[in-house]
Amino acid sequence: MAQRYVVQTGDPVLRQVCAEVRAFNKDLHDLLDDMKITVRAESGAGLAAPQIGLPLRVVVIDVDEGYFEMVNPVILSQKGEQIGPEGCLSVKGKQGTVRRPDKVKAEYRDRFGKKHKLTATGFFARAVCHELDHLDGILYIDKAEEVYDLEED
Ligand code: CO
């Protein structure tokens with residue numbers, strides 16, 4: 001297991017429509033393990049496989065509600081609206097103001113291929129929407145009402 005390099009905007013892999021996972025095997029488990037190490041090392045709220053160079057429909061989400069591994073995720077329904085700040089590990093040093101649904105229901109498979117559903121609200125819903133967008137080659141900067149530089153510490 002290893003921390004992976006997170007590609008930055010401009011890399012064409014971030015603009016691909018990712019392929020569905022068909023094999024729930026050791027390669028997938030290794031990928032998910034590496035994504036967990038990487039998202040934690042980078043202090044992210046989530047990470048999508050294309051961000052480490054693999055155009056596959058796999059995301060991880062690390063929020064107050066828990067740690068989620070979502071394979072072949074699909075949003076089933078969405079409700080309400082929230083407007084707030086958003087960043088991305090592939091757009092270093094920036095943040096943007098993005099409109100998102102306030103509540104989403106999603107369906108996904110776990111690393112063993114078992115189907116699950118989740119309901120997310122607030123920041124969790126924002127993270128789900130952001131990460132799932134990555135699987136269709138969409139970045140938050142495409143949707144942001146404004147993008148600004150983060151202050152350096
Ligand atoms: Co992102």
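Predicted model, so just to flag it, every value in this text is computed and none were measured. Counting starts at 1 for both ligands and their atoms, following the listed order. Because only heavy atoms are used, hydrogens play no part in the values below, and waters and symmetry mates are left out as well, while side chains stay in.
- In this structure the side chain of Tyr108 reaches within 4.5 angstrom of the side chain of Leu118, judged on heavy atoms.
- The distance between the ring centers of Phe68 and Phe124 falls below 6.0 angstrom.
- Residues satisfying the ring pair (Phe, Tyr, Trp, His ring centres under 6.0 Å) criterion with Phe112, sequence neighbours excluded, are His29.
- Protein N/O/S atoms nearer than 2.8 Å to the Co ion (ligand 1) total 3.
- Screening Asp142, Asp136, Thr9 for a side-chain hydrogen bond (donor to acceptor under 3.5 Å, both in side chains) involving Arg15 leaves a single residue, Asp142.
- Under the salt bridge (Lys or Arg N to Asp or Glu O under 4.0 Å) criterion, Arg100 pairs with Glu86, Asp133, not counting sequence neighbours.
- Taking Asp27 as the reference, nothing meets the salt bridge (Lys or Arg N to Asp or Glu O under 4.0 Å) condition, with sequence neighbours excluded.
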